[in-house]
Amino acid sequence: MAIPSFNVCHNLELLKEQGKSLDPKRQEGEREEEGLSYEFQEMLESLPKERGWRTRHLYLFQGFWCQSKEIQAIMSFQKHFKPLQNDVVIATIPKSGTTWLKALTYTLLNRHRFDPVSSNTDHPLLTSNPHDLVPFFEYKLYANGDVPDLFGLASPRTFATHVPFGSLKDSIEKPGVKVVYLCRNPFDTFISSWHYTNSIKSESVSPVSLDEGFDMYCRGLIGFGPFWEHMLAYWKESLKRPDKVLFLRYEDLKQDIESNLKKLASFLAVPFTEEEERKGIVKAIVELCSFESLKKLEVNKAGQSIKNFENRHLFRKGEVSDWINYLSPPQAERLSALVDDKLGGTGLTFRYC
Ligand code: A3P
């Protein structure tokens, strides 16, 4: 697909030319398209679209479903981002535990600069949300027409994305660049997405009911989905190139965070020394990044790290198997059958409770 240029031009003049209303009560869909260039809007119009969860539409872009503003940011990222050796990219489909993995990775990689032991009140994680410390390409760095200069960032530069592997791969093809993928069972991921979307959506968008959202999810209609394609592409790449892509599971982290943190440290070539283990550094990182610790911090109770997304909604329950409280038996059967159909025989399996 040809990538059109998209100077972020649009302003009142263009809206006027297009005859769009400047009334503050205008539709959410119109606000959604504000700041998008005319060329970009034309390109959007050529894409298949469906009803969105918290915006009017999701568009099928490069084979995955995505909101308009994120598509613009992803195109900019694909065009401008230059990987450097030692870059670390955290990849997830939304609501898989991204915030947790960002906290862990940041604390791990910076443990010599910022001592993670709890008496250290200067630790950045105590005053910054993990999304500020490890920025998303599509929601932060390349959002709103920005093209950031990332060359001066301290190594290893650490970024995050929800972009599926097929659309990320050209941007990480440099020796030494590593990708860490965190996967969560599709049942809990759906429930977490449903809660989150309804918490952060603007008042002008009607809420998505559980049944409606579930049907959309099973049809693959979720941001960066279909979920099975997202998970499977990273899974296959982790099997093909285990030095390049580490595949972690949320449920494994919940069950045994220490050994998974050590696995992450070894993969990122910063293994813990025996002395560090003796000094309790592993436990200190686990504690600092735990759901309970992060949730109670002032910065995570108030404020927005990503525009329009309040930090407090990022910490809901943090449990495995909450889906049991929401899905009916026929819904659970439908999703089970879908997972079997799409992922059966691939070796990618899940724990649901
Ligand atoms: P629930 O909605 O099931 O509670 P993401 O960070 O990708 O947006 O994922 C959000 C999910 O991860 C939410 O799940 C949230 O509560 C959970 N979560 C956030 N921080 C966590 C942590 N430190 N440990 C475990 N789970 C965490």
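Just follow the structure's listing: the first ligand is 1, and inside any ligand the first atom is 1.
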**Prompt:** Is Arg249 salt-bridged to Glu251, cutoff N-O under 4.0 Å?
**Reply:**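 The answer is no: the pair does not qualify as a salt bridge.
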Using a 4.0 Å cut-off to any heavy atom of [X], which atoms of ligand 1 qualify?
{"X": "Phe315", "answer": "16 (O), 19 (C), 20 (N)"}
{"X": "Gly318", "answer": "1 (P), 4 (O), 16 (O), 26 (N)"}
{"X": "Lys317", "answer": "4 (O), 16 (O)"}
{"X": "Ser290", "answer": "23 (N)"}

Any side-chain heavy atom of [X] within less than 4.5 Å of one from [Y]?
{"X": "Thr98", "Y": "His162", "result": "yes"}
{"X": "His123", "Y": "Thr107", "result": "yes"}
{"X": "Ser293", "Y": "Leu288", "result": "no"}

**Prompt:** Between CG of Leu268 and CG of Leu246, what distance do you get to the nearest 0.5 Å?
**Reply:**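 Here the interatomic distance stands at 7.5 Å.
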Protein heavy atom at shortest distance from [atom]:
{"atom": "atom 13 (C) of ligand 1", "answer": "Ser192 OG, 3.6 Å"}
{"atom": "atom 22 (C) of ligand 1", "answer": "Trp100 CG, 3.4 Å"}
{"atom": "atom 6 (O) of ligand 1", "answer": "Thr99 OG1, 2.5 Å"}
{"atom": "atom 5 (P) of ligand 1", "answer": "Thr98 N, 3.5 Å"}
{"atom": "atom 12 (O) of ligand 1", "answer": "Gly97 CA, 3.8 Å"}
{"atom": "atom 15 (C) of ligand 1", "answer": "Leu314 O, 3.3 Å"}
{"atom": "atom 16 (O) of ligand 1", "answer": "Arg316 N, 3.0 Å"}
{"atom": "atom 8 (O) of ligand 1", "answer": "Lys95 NZ, 2.7 Å"}

**Prompt:** Within 45° of the six-membered ring axis of Phe267 and under 6.0 Å from that ring's centre, is NZ or CZ of Lys178 located there?
**Reply:**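 Lys178 over Phe267 ring: yes.
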**Request:** Could you check whether the rings of Trp53 and Phe190 sit parallel, tilted or perpendicular, using 30° and 60° as the cut-offs?
**Result:**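 Taking Phe190 first and then Trp53, their aromatic rings stand perpendicular (interplane angle over 60°).
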Counting heavy atoms only, which part of [X] comes closer than 4.0 Å to ligand 1: side chain, backbone, both or neither?
{"X": "Cys289", "answer": "backbone"}
{"X": "Arg184", "answer": "side chain"}
{"X": "Ser96", "answer": "backbone"}

**Request:** Output yes when a side-chain donor or acceptor of Asn311 lies under 3.5 Å from a complementary backbone atom of Val299, and no otherwise.
**Result:**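 Yes, Asn311 side chain to Val299 backbone: donor-acceptor pair under 3.5 Å.
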**Asked** Looking only at heavy atoms, which two atoms of Pro116 and Ala284 are closest? And how far apart?
**Response**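 The answer is O-CB, 3.8 Å.
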**Asked** For Lys95 and Asp188, what are the C-alpha separation, side-chain angles and deciding distance, and is it a salt bridge (charged side-chain N to carboxylate O under 4.0 Å, His left out)?
**Response** CA-CA 9 Å; Lys95 311 323 288 173; Asp188 285 326; over 6 Å; no
**Asked** Of the choices Tyr250, Phe190, Phe291, Trp194, which has the non-hydrogen atom that lies closest to atom 26 (N) of ligand 1?
**Response**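 It is Tyr250 whose heavy atom sits nearest to atom 26 (N) of ligand 1.
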